[in-house]
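Quick caveat, the model's predicted, so the values are computed rather than measured.
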Amino acid sequence: MAWGAGVATGIGSMPGEDAREAAKSVTGSLERLPYLPELPARGPGADLIGRTAGMLIELYARVEPSGWRLGDRPGRDTRRARSWLGEDLDALEEFTQGYAGTLKVSAVGPWTLAAALELRGGEAMLSDPGACRDLTGSLAEGLREHLAEVRRRMPDARVVLQLDEPSLGAVLLGRVSSASGYRTHPAVDRVAVEGALREVFAVTDGPVVVHCCAPQVPFTLLRRAGAAGVSFDFSLLTESEEESIGAVVEDGLTLFAGVVPGVDPQSGALSDPAGSVMGVRTLWRRLGLAPGTLAESVVVTPSCGLAGASPRYARAALAHCVRAAASLVDNPE
C-alpha cells in the first residue's frame, strides 16, 4: 500500500490565510504523508465546495446568497478559486523540493458536490440525474488536469487522491433538503452512486481515499467502488458498522481513523498519543483481527479538517497524530 505502517496525515483544511505557512506546517509535521492544505478562511473559492467548483471543466459556478450556483461562464468567483489553488500549489511545491514520498491532494466527490451546487433555478443538482452525470464527467476531467499539474510540480511524489464526501450518507438515505427546506430529495440508487464514484476514481492510477466525517459511512459500497482507504470520524462509529469494517479491512481497505479532535480541546491539552488510539486497538480486538496488521491498516488523522482550530493547536494536532501512529507500531496490542 502507498502509505506503509505507522503513518499519520491530516484531512485537508488548515486555519489562517497564509498558504506558505500552511504548507510549511503540513510538510514539517507530516514527513511521510503530507497533503495540499485548504485555507477556507480566505473566503468563497477557498472553501470546500468553491475550491472544487473551480476545477470543473465546462461548468462554472458563482456565489449566491444561498450558496454556489451554476452560471454560463467563468466569473470572478471561478477565477479567485483557481488563483488560490495556484497559490497553494506554489507553496507546497516550495516545501516539497526533491520529495519522493507519498503526497495527498483532495477535492469534493461527485455526490457531495451534487448536493451542494445549485442549478440555475436554485435547486440542487442532485434533483436532476442528467445534471449529476454531467457534473461527474466534468469533475473527472478537472481532476485529471489537477493531478497532472500536481505531478508536473512534484514529479517524484506518489500522489494519493482524497475525495471529500461528507454528504454521501444523506444522499443514499434521501436526507438532502430541497431548496425550500420543506422536503428532501429522494435517495439516489446505490448502483448510480457507485458508478459515479468509479468514474471519478478512474482518473488516477494511484490510490483513492474517500473522506466522510458524517455518521453512517458506507464502507462496503466505497470499497466495492474501488476506494483504497476510507477516512472517518472514529467517534461516530456505531456497533452496527463494525461487521462491515471487519470485512473491508480483511479485503485490504485502509482505515483513516479520525481520533484526534479537529478543534482546540476545552481542557487545553491532548491526551497521551497511545491513549488517542486506544479505541482503535479495542476495535481490532473485538473484530478478531490480527494485531500485527493494525499499524499497516490504520492511518491516524484528526477527526475532521483543522480550519476551526488555532494555528498552534493545528500544528500540535498533526504532531500528535504522528506520535499516535508510531505507538501502533511500537505496541499494536
Taking all non-hydrogen atoms of both residues, which atom of Pro37 and which atom of Arg51 are closest, and how far apart? O-NH2, 3.4 Å
To the nearest 0.5 angstrom, please state how far the CG atom of Leu328 sits from the CZ atom of Arg323. 14.0 Å
Give the C-alpha distance, both sets of side-chain angles, the deciding distance and a yes or no for side-chain contact (heavy atoms from CB on, under 4.5 Å) between Trp111 and Leu126. CA-CA 8 Å; Trp111 295 107; Leu126 190 66; 3.8 Å; yes
So does Ala124 get a backbone contact from the side chain of Ser127, meaning a donor-acceptor N/O pair under 3.5 Å? yes
Check against side-chain contact (heavy atoms from CB on, under 4.5 Å), Val260 and Cys321: CA-CA 7 Å; Val260 177; Cys321 288; 3.6 Å; yes
Take His185 and Ser178 through the side-chain hydrogen bond (donor to acceptor under 3.5 Å, both in side chains) test and state the conclusion after the steps. CA-CA 6 Å; His185 295 291; Ser178 65; 5.6 Å; no
Sidechain-backbone polar pair: Ser244 side chain, Glu241 backbone, donor-acceptor under 3.5 Å: yes
Within the side chain of Glu199, is there an N or O that forms a donor-acceptor pair under 3.5 Å with the backbone of Ala140? no
Would you give the length of the straight line joining atom CD of Glu38 to atom CG of Leu306, rounded to the nearest 0.5 angstrom? 11.0 Å
Can you tell me how far the CD atom of Glu64 sits from the CG atom of Leu70, to the nearest 0.5 Å? 11.0 Å
Check: Val298 main-chain N/O paired with Thr254 side-chain donor or acceptor under 3.5 Å: no
Evaluate Asp47 against Arg42 for salt bridge (Lys or Arg N to Asp or Glu O under 4.0 Å), listing each step before the verdict. CA-CA 8 Å; Asp47 60 297; Arg42 292 182 297 196; over 6 Å; no
Considering all heavy atoms, the nearest Lys104-Ile11 contact: NZ-O, 3.1 Å
Take Trp284 and Ser297, measure what side-chain hydrogen bond (donor to acceptor under 3.5 Å, both in side chains) needs, and give me the verdict at the end. CA-CA 10 Å; Trp284 226 249; Ser297 299; 5.8 Å; no
Take Ser66 and Glu118, measure what side-chain hydrogen bond (donor to acceptor under 3.5 Å, both in side chains) needs, and give me the verdict at the end. CA-CA 9 Å; Ser66 56; Glu118 299 174 356; 2.8 Å; yes
Could you go through Thr293 and Glu296, starting from their C-alpha distance and side-chain angles, then the distance that decides it, and tell me whether this counts as side-chain hydrogen bond (donor to acceptor under 3.5 Å, both in side chains)? CA-CA 5 Å; Thr293 65; Glu296 295 181 350; over 6 Å; no
For Arg76, does the CZ atom have more than 12 heavy-atom neighbours from other residues, nucleotides or ligands under 6.0 Å away? no
Heavy-atom closest pair, residues His211 and Phe232: ND1-N, 4.5 Å
Which heavy atom of Leu163 sits nearest a heavy atom of Val108, and at what distance? CD2-O, 4.3 Å
Please answer whether the main-chain N or O of Val176 pairs with a side-chain N or O of Thr184 as donor and acceptor at a distance below 3.5 Å. no
What pairs of residues pass the salt bridge (Lys or Arg N to Asp or Glu O under 4.0 Å) test when at least one of them lies in residues 178-192, not counting sequence neighbours? Glu123-Arg183
Ignoring hydrogens and geometry, is there a side-chain-to-backbone donor-acceptor pair from Arg32 to Ala5 under 3.5 Å? yes
Run the side-chain contact (heavy atoms from CB on, under 4.5 Å) check on Leu85 and Leu36 step by step: do they pass? CA-CA 9 Å; Leu85 179 57; Leu36 177 65; 4.0 Å; yes
Check salt bridge (charged side-chain N to carboxylate O under 4.0 Å, His left out) between Arg20 and all other residues, then give those that pass, not counting sequence neighbours. Glu94
Whether Arg120 side chain and Gly71 backbone form a donor-acceptor pair below 3.5 Å: yes
What residues, two or more places apart in sequence or in another chain, satisfy salt bridge (charged side-chain N to carboxylate O under 4.0 Å, His left out) together with Glu250? none
Can you tell me if Glu149 has over 12 outside heavy atoms packed within less than 6.0 Å of its CD? yes
Hey, is the main chain of Pro44 close enough, under 3.5 Å, to the side chain of Arg80 for a donor-acceptor pair? yes
Please determine whether the number of non-hydrogen atoms from other residues, nucleotides or ligands lying under 6.0 Å from atom CD of Gln97 exceeds 12. yes
Looking at CZ of Arg79 and CG of Asp77, how far apart are the two atoms once the value is rounded to the nearest 0.5 Å? 9.0 Å
Ring centre gap for Trp3 and Phe256 strictly below 6.0 Å: yes
Has Asp264 got a side-chain atom pairing as donor or acceptor with Ser310's backbone, closer than 3.5 angstrom? yes
Does CD belonging to Glu31 count more than 12 external heavy atoms closer than 6.0 Å? no
Minimum heavy-atom separation for Glu194 to Ala225, with atom names? CG-CB, 3.8 Å
